[in-house]
Amino acid sequence: EPEVTQTPSHQVTQMGQEVILRCVPISNHLYFYWYRQILGQKVEFLVSFYNNEISEKSEIFDDQFSVERPDGSNFTLKIRSTKLEDSAMYFCASSEGAGPYGYTFGSGTRLTVV
Amino acid sequence: ILNVEQSPQSLHVQEGDSTNFTCSFPSSNFYALHWYRWETAKSPEALFVMTLNGDEKKKGRISATLNTKEGYSYLYIKGSQPEDSATYLCALVTGGYQKVTFGTGTKLQVIP
């Protein structure tokens, strides 16, 4: 069964450092998403991406965040200057279309900012 | 900010019992409702995508219903098994299918 792959599974970074979280969505999927879950809280939408551009983003997705699909297979989330409150589980997801399609999630990257 | 509520927050049932839980959401600007099962240390797995008022979907012992007019969906598990133990998330899709708001989840523990 096709999978969404995320690397690394766990990243520890110093406050103020830049991090890049990587995802390889399912190859025939067209829509890509990042979500995060801070420990003990709800899963939160960050951003959706289609046709090489952001189609929706949440209030959380400020100028510190950016997404890119650099080579047609990877989908990355960059956090420019990490803060303690960025510590969370970050999930990438993809879907084959807009509309009534479920998302396939990756297994997540646990980001710890110290 | 959309409010998607799930109840109960957690549930313990005996193996073989049937159970159900609720997802409540604002009914305006509705596009779809997703249900996911999320086992510890794994990624959320899509169970159902529901779009029409009155939709009923079934997958094995798990089924779901949708009422978009009153803003709720029920998930039912018949004859719970220990492998059903997981957190069940509902997610409301708005904003042209590309913005998803998750509920808080219902954590189910099935006791053998």
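Chain letters run A, B, ... following the sequence lines, proteins first and then strands; every chain starts at 1. Here the structure is a predicted model, which means the values were calculated and not measured.
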* Asked: So with a 6.0 Å cut-off around CD of B:Gln81, is the heavy-atom count from everything else above 12?
  -> yes
* Show your reasoning for whether side-chain contact (heavy atoms from CB on, under 4.5 Å) applies to B:Thr101 and A:Phe45. => CA-CA 7 Å; B:Thr101 305; A:Phe45 168 77; over 6 Å; no
* Is the B:Phe102 ring parallel, tilted or perpendicular to the A:Tyr35 ring (thresholds 30°, 60°)? -> perpendicular
* Asked: So if you build clusters from Ile, Leu, Val, Met, Phe, Trp, Tyr with side-chain heavy-atom gaps below 4.5 Å, do B:Leu52 and B:Tyr74 land together?
  -> no
* Asked: Looking at OH of B:Tyr36 and OH of A:Tyr103, how far apart are the two atoms once the value is rounded to the nearest 0.5 Å?
  -> 6.5 Å
* Count the heavy atoms belonging to other residues, nucleotides or ligands that lie under 6.0 Å from CG of A:Leu39, then report whether that count exceeds 12. => no
* Would A:Tyr90 end up clustered with A:Val24 when hydrophobic side chains under 4.5 Å apart are linked, directly or stepwise? -> no
* Asked: If every non-hydrogen atom of A:Gly106 is compared with every non-hydrogen atom of B:Ser43, which pair is closest and at what distance?
  -> O-CB, 2.7 Å
* Is B:Ile111 reachable from B:Ile77 through a run of I, L, V, M, F, W or Y residues, each pair having side-chain heavy atoms under 4.5 Å apart? -> no
* To do: Identify the heavy atoms of A:Lys42 and B:Val4 that sit nearest to each other, and give their distance.
  => NZ-O, 3.7 Å
* Would you say A:Ile60 and A:Met15 are hydrophobically clustered, going by side-chain heavy atoms of ILVMFWY under 4.5 Å? -> yes
* To do: May I ask whether A:Ile20 and A:Phe65 are part of the same hydrophobic cluster, defined by side-chain heavy atoms of I, L, V, M, F, W, Y residues being less than 4.5 angstrom apart, directly or through others?
  => no
* Which atom names give the shortest non-hydrogen contact between A:Gly102 and B:Ala46, and what distance separates them? -> CA-CB, 4.5 Å
* Minimum heavy-atom separation for A:Phe91 to B:Pro44, with atom names? -> CE2-CD, 4.1 Å
* To do: Output, in order, the C-alpha distance, side-chain angles, deciding distance and verdict of side-chain contact (heavy atoms from CB on, under 4.5 Å) for A:Val43 and B:Trp38.
  => CA-CA 11 Å; A:Val43 175; B:Trp38 192 2; 3.5 Å; yes
* To do: Using non-hydrogen atoms and a 4.5 Å limit, figure out which bit of B:Leu89 sits close to chain A: side chain, backbone, both or neither.
  => side chain
